[in-house]
K.L.:
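The structure that follows is given in the form of structure tokens.
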Amino acid sequence: MDLEVSPALTIPASELGWRFSRSSGPGGQHVNTSDSRVELSWNVAGSAVLSDGQRMMLVARLGRRLITGVITVTASERRSQLRNREIALDKLAELVSEGLAPDAAHRRPTKPTRGSDRRRLATKQQRSATKRQRQRPSAE
């Protein structure tokens with residue numbers, strides 16, 4: 001089953017590597033006998049579906065998660081191996097789509113308005129006066 005990350009990018013099933021192992025977590029005695037934990041791997045560096053620009057962007061953004069160009073996602077939240085497979089596919093699709101998302105527009109810093117400055121200073125003066133009234137009267 002191919003993984004559709006976006007309408008423009010679909011990862012073929014042949015590029016996905018699956019590993020299954022025994023899971024800790026919910027399931028009781030069932031956990032001891034079934035391989036419900038799922039590891040899904042995808043070789044970003046050797047993928048044929050990515051353009052060079054996309055590959056460079058993914059390697060730069062997911063660099064800490066990549067081990068020799070391969071990204072691995074695990075899922076062991078559910079008792080069912082099938083459900084964990086679906087969760088792993090969703091996690092990988094989300095990671096790749098976030099890695100390929102365009103950068104957010106840079107914020108242009110602005111100065112506070114004159115009115116907001118006045119309001120801030122008036123509030124500070126009011127707070128100062130309140131605290132001054134709480135003090136003990138001087139000995140004079």
Side-chain angles (χ1 to χ4, degrees):
M1 93 180 123
D2 293 346
L3 175 61
E4 185 175 336
V5 176
S6 68
L9 178 64
T10 302
I11 302 171
S14 60
E15 290 190 6
L16 299 175
W18 297 94
R19 259 183 59 193
F20 307 102
S21 59
R22 295 206 175 128
S23 172
S24 62
Q29 292 177 353
H30 174 75
V31 171
N32 301 330
T33 60
S34 64
D35 292 340
S36 59
R37 182 174 179 262
V38 174
E39 284 185 29
L40 175 60
S41 301
W42 179 50
N43 189 349
V44 175
S47 178
V49 295
L50 294 175
S51 68
D52 289 337
Q54 289 175 326
R55 186 175 291 108
M56 288 176 58
M57 188 182 291
L58 279 176
V59 168
R61 290 185 177 175
L62 303 177
R64 287 177 279 171
R65 294 209 50 164
L66 295 175
I67 300 171
T68 63
V70 177
I71 188 165
T72 303
V73 177
T74 61
S76 60
E77 290 88 23
R78 303 291 178 176
R79 291 175 58 168
S80 161
Q81 185 189 98
L82 181 63
R83 185 68 185 118
N84 283 334
R85 279 179 178 229
E86 294 168 356
I87 292 171
L89 284 170
D90 291 342
K91 283 182 180 181
L92 182 63
E94 186 177 337
L95 265 176
V96 173
S97 65
E98 285 176 7
L100 293 175
D103 290 332
H106 291 293
R107 179 187 170 274
R108 185 173 24 177
T110 57
K111 292 182 180 177
T113 61
R114 200 174 296 149
S116 67
D117 255 350
R118 277 196 209 120
R119 285 189 298 274
R120 180 179 61 83
L121 293 174
T123 306
K124 283 178 71 141
Q125 286 175 349
Q126 173 129 19
R127 184 82 174 139
S128 174
T130 303
K131 288 188 170 198
R132 249 186 279 118
Q133 289 174 352
R134 287 183 191 156
Q135 291 178 351
R136 248 185 216 165
S138 61
E140 296 174 359

K.L.:
Any idea which heavy atoms bring Asp2 and Pro12 closest together, and the distance?
P.N.:
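What the structure gives for the nearest pair is OD1-CA, 3.4 Å.
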K.L.:
Out of the candidates Leu62, Leu58, Val5, only one should pair with Leu95 under the side chain to side chain contact (heavy atoms under 4.5 Å, CB included) rule; please name it.
P.N.:
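Filter result, single survivor: Leu62.
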K.L.:
Could you tell me whether Glu86 and Arg83 make a salt bridge, using a distance below 4.0 angstrom between a side-chain N and a carboxylate O?
P.N.:
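Salt bridge flag = yes for Arg83 with Glu86.
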K.L.:
So, the side chain of Gln81 versus the backbone of Asp35: is there a donor-acceptor pair under 3.5 Å, distance only?
P.N.:
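At least one qualifying donor-acceptor pair exists.
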K.L.:
Please indicate whether Ile67 has more than 12 foreign heavy atoms, meaning atoms of other residues, nucleotides or ligands, lying under 6.0 Å from its CD1.
P.N.:
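Result for CD1/Ile67: open.
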K.L.:
Does any part of the side chain of Arg61, heavy atoms only, come nearer than 4.5 Å to the side chain of Asp103, both counted from C-beta?
P.N.:
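Sidechains of Arg61 and Asp103: in contact.
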K.L.:
With rounding to the nearest 0.5 Å, note down the distance linking OG in Ser76 to CZ in Arg22.
P.N.:
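One finds 14.5 Å between OG of Ser76 and CZ of Arg22.
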K.L.:
For the residue pair Ser41 and Thr72, what are the closest heavy atoms and their distance?
P.N.:
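Answer, listing the atom of Ser41 first, then Thr72: OG-OG1, 3.3 Å.
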K.L.:
Given Asp117, which partner from the list Arg119, Arg120, Arg114 fulfils the side-chain hydrogen bond (donor to acceptor under 3.5 Å, both in side chains) test?
P.N.:
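Only match with Asp117 under side-chain hydrogen bond (donor to acceptor under 3.5 Å, both in side chains): Arg120.
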K.L.:
What closest approach, in Å, do Arg37 and Thr74 show between heavy atoms, and which atom pair accounts for it?
P.N.:
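Smallest heavy-atom distance, with atoms named: NH2-CG2, 3.6 Å.
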K.L.:
Judged by atom type as modelled, is there a donor-acceptor pair below 3.5 Å linking the side chain of Arg85 to the main-chain atoms of Trp18?
P.N.:
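The answer is no, because no donor-acceptor pair under 3.5 Å joins these two groups.
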K.L.:
Please answer whether the main-chain N or O of Lys124 pairs with a side-chain N or O of Ser128 as donor and acceptor at a distance below 3.5 Å.
P.N.:
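Not at all, since once roles are kept as given, no pair shorter than 3.5 Å links the two residues.
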K.L.:
Side chains of Glu15 and Ser47: do they bring a donor and an acceptor to under 3.5 Å?
P.N.:
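A donor-acceptor contact under 3.5 Å links the two side chains.
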K.L.:
Would you find a donor on one side and an acceptor on the other, under 3.5 Å apart, between the side chain of Asn84 and the backbone of Ser36?
P.N.:
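Here the side-chain-to-backbone pair exists.
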